[in-house]
There are 2 protein chains.
Amino acid sequence: MKNEYLISQIHKKKSFLCVGLDTDLEKIPSHLLQEEDPIFAFNKAIIDATHEYCVAYKPNIAFYEAYGLDGWKSLERTMAYLNENHPEIFTIADAKRGDIGNTSTRYAKAFFETLNFDSITIAPYMGKDSVEPFLEFEDKHTILLALTSNQGAFDFQTKKIEGHELYKEVLSVSKTYKGSERLMYVVGATKATYLKDIRELIPESFLLVPGVGAQGGSLEEVCKYGITKDVGLLVNSSRGILYASTDMDFAEVAGNKAKEIQQQMAAELAKL
Amino acid sequence: MKNEYLISQIHKKKSFLCVGLDTDLEKIPSHLLQEEDPIFAFNKAIIDATHEYCVAYKPNIAFYEAYGLDGWKSLERTMAYLNENHPEIFTIADAKRGDIGNTSTRYAKAFFETLNFDSITIAPYMGKDSVEPFLEFEDKHTILLALTSNQGAFDFQTKKIEGHELYKEVLSVSKTYKGSERLMYVVGATKATYLKDIRELIPESFLLVPGVGAQGGSLEEVCKYGITKDVGLLVNSSRGILYASTDMDFAEVAGNKAKEIQQQMAAELAKL
């Protein structure tokens with residue numbers, strides 16, 4: 001998917017919401033466990049209820065891998081369903097991969113070709129030749145971890161390297177990679193004020209912002225410091241939508257929750 | 001697997017060789033492509049031919065994921081074969097995962113429980129709470145990326161942070177993690193002289209050393225700077241063994257290649 005198309009979808013839906021599909025058999029409504037593929041059944045119901053209010057879905061790959069072959073099948077079915085019914089929605093493989101060149105190429109094929117995701121999250125630790133194989137794919141996006149929303153972000157990411165914080169070095173150095181126009185970045189919402197500095201280094205790149213809601217970030221703060229003239233934000237919510245109800249009405253409640261966030265986003269977009 | 005058991009296997013086999021299972025349908029002998037599961041058929045033949053000479057196998061997970069469900073099945077079959085026939089051999093999921101806590105727990109379950117690997121490689125960028133969920137598993141090991149053997153290692157890993165290189169900060173900080181006695185580290189062999197500094201920070205930890213052979217590192221150099229009284233090394237070879245011949249005799253040639261490396265290792269162990 002091209003950036004321009006994603007931006008047009010954001011304006012059309014008045015939303016930059018990404019729904020994280022962290023589907024957990026221990027948390028989904030128990031009546032779904034009788035289905036042949038409970039994970040897919042849950043995802044399908046969530047997608048049907050929320051697709052009007054979001055522009056992206058982000059399956060968290062760990063949740064599928066944990067169930068082995070069955071989990072991988074559910075992921076394939078979820079992606080097939082999205083690609084067939086909602087090709088206008090941006091898909092993110094939240095996989096946090098990254099390896100030496102020929103291995104990164106394999107991961108890129110797995111997610112961009114076999115599963116047909118529009119994008120994938122990547123850890124930057126191994127540098128240029130671990131990231132560039134992903135950037136070679138036309139109309140696919142690589143979402144590099146910059147500043148994550150967890151406590152461990154302070155172990156390395158916020159420490160000074162080359163005169164500024166490591167996450168800023170990741171932003172600066174990655175801009176020199178071949179195909180860097182296809183880069184987006186993960187920036188946790190729990191540190192919204194950091195977004196001001198980040199925008200000085202990458203004024204236009206799309207940011208995937210986790211941690212609004214359950215993890216404590218505020219949408220208003222994120223927009224105040226991070227929004228650009230072309231929006232440049234995808235704000236993720238997972239648990240807050242998926243498990244808003246764990247009863248028979250889970251899909252309806254998830255849809256209402258997504259709508260509620262979409263309406264807050266519409267208000268922020270109206271300020272542009 | 002406990003460290004003591006791994007060390008006893010190294011002394012018994014006079015080998016600290018890890019065979020990397022980077023199984024690639026474009027590189028395996030063409031007669032295997034007629035098999036029902038060519039990847040497993042290749043892995044089984046390689047394991048049968050090399051198991052006497054190595055103490056570890058390291059499937060490179062990307063190579064399996066790239067084939068979707070079929071690849072995942074081949075990985076499951078390979079692990080079932082290893083666990084049944086060679087439970088004495090240490091298994092490494094070369095997966096380079098790492099995510100926020102509840103997600104890392106999922107990856108840990110996928111590799112330690114569902115697939116029953118002894119260990120997994122992990123990227124350190126997200127810090128403590130992305131690593132500790134892996135360290136909770138008794139008799140399982142977490143192999144943290146410290147200094148990798150690719151060119152991109154110079155993008156961030158060797159830059160100074162807190163007064164020393166980032167990879168040293170990873171070593172120092174990770175030592176404070178809960179369960180750090182279950183940590184091992186990836187240290188690329190292309191920089192064997194770095195091993196001297198590394199041994200000052202982690203005098204006893206096991207190091208997984210890729211990059212000997214195809215990537216240019218020397219076994220003698222690695223041992224000179226990296227070996228400890230309890231060996232403390234697992235040296236990996238992938239392509240140099242797997243694809244030494246791509247003809248009908250591939251398994252025999254792979255066995256000979258592994259034996260050749262084992263004999264060099266026996267000579268190094270004799271110096272202890």
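Letters go in sequence order (proteins before strands), and every chain restarts at 1.
- Both the backbone and the side chain of A:Thr103 come within less than 4.5 Å of a heavy atom of chain B.
- Checked against B:Phe42 for a side chain to side chain contact (heavy atoms under 4.5 Å, CB included), the options B:Leu25, B:Thr23, B:Leu21 give a single hit: B:Thr23.
- Of the atoms belonging to B:Val170, heavy atoms from both backbone and side chain fall under 4.5 Å from chain A.
- Taking each heavy atom of B:Gly226 and B:Leu233 in turn, the nearest pair found is O-CD2, 3.8 Å.
- Heavy-atom pairs under 4.5 Å with chain B were tallied for A:Glu132, A:Arg97, A:Glu113, A:Glu169; the largest tally goes to A:Arg97.
- Between B:Phe40 and B:Tyr81, the two ring planes are perpendicular [angle over 60°; tilted spans 30° to 60°].
- Residue with the most contacts toward chain A among B:Ala62, B:Ser174, B:Ala110: B:Ala62 (heavy-atom pairs, distance under 4.5 Å).
- Ion pairing between a basic and an acidic side chain is recognised when a charged N comes within 4.0 Å of a carboxylate O; A:Glu35 and A:Arg77 show no such pairing.
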List the steps, then state whether salt bridge (charged side-chain N to carboxylate O under 4.0 Å, His left out) holds for A:Arg239 with A:Asp24. CA-CA 10 Å; A:Arg239 285 165 281 177; A:Asp24 181 344; over 6 Å; no
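- At a 4.5 Å heavy-atom cutoff, the contact between B:Lys160 and chain A is made by backbone atoms alone.
- Among the candidates A:Asp94, A:Leu82, A:Thr91, A:Ile92, the single residue satisfying the side chain to side chain contact (heavy atoms under 4.5 Å, CB included) test with A:Phe117 is A:Thr91.
- Interface residue B:Asp99: backbone and side-chain heavy atoms are both found under 4.5 Å from chain A.
- Between A:Asp155 and B:Lys128 there is no salt bridge, since none of the side-chain N atoms of the basic residue sits less than 4.0 Å from a carboxylate O of the acidic one.
- At a 4.5 Å heavy-atom cutoff, the contact between A:Glu76 and chain B is made by side-chain atoms alone.
- Proximity to chain A (any heavy atom under 4.5 Å) is restricted, for B:Thr114, to the side chain, taken from C-beta onward.
- Options B:Leu69, B:Val173, B:Asn102 differ in how many heavy-atom pairs under 4.5 Å they form with chain A, and the most are formed by B:Leu69.
- B:Phe112 does not touch chain A: none of its heavy atoms, backbone or side chain, sits under 4.5 Å away.
- Defined by atom type and a distance below 3.5 Å, a donor-acceptor pair is missing between the side-chain atoms of B:Tyr64 and B:Thr78.
- In terms of non-hydrogen atom pairs under 4.5 Å with chain A, the most contact-rich of B:Met126, B:Lys96, B:Lys109 is B:Met126.
- When each of A:Gly71, A:Ala123, A:Ala146 is checked for heavy-atom pairs under 4.5 Å with chain B, A:Ala146 comes out on top.
- When heavy atoms are compared at a cutoff of 4.5 Å, B:Phe111 approaches chain A solely by way of its side chain, counted from C-beta outward.
- For a residue to count as touching a neighbouring chain, one of its non-hydrogen atoms must lie under 4.5 Å from one of that chain's; by this rule B:Glu65 touches chain A with backbone and side chain alike.
- Neither the backbone nor the side chain of B:Leu115 comes within contact range of chain A; no heavy atoms are under 4.5 Å apart.
- Counting only heavy atoms from C-beta outward, the side chains of A:Ser237 and A:Leu17 approach each other to under 4.5 Å.
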Please assess A:Asp37 against A:Lys73 for the test salt bridge (charged side-chain N to carboxylate O under 4.0 Å, His left out), listing each intermediate value before the final yes or no. CA-CA 9 Å; A:Asp37 182 346; A:Lys73 265 184 218 165; over 6 Å; no
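- Heavy-atom pairs under 4.5 Å with chain B were tallied for A:Asn60, A:Leu75, A:Thr121; the largest tally goes to A:Asn60.
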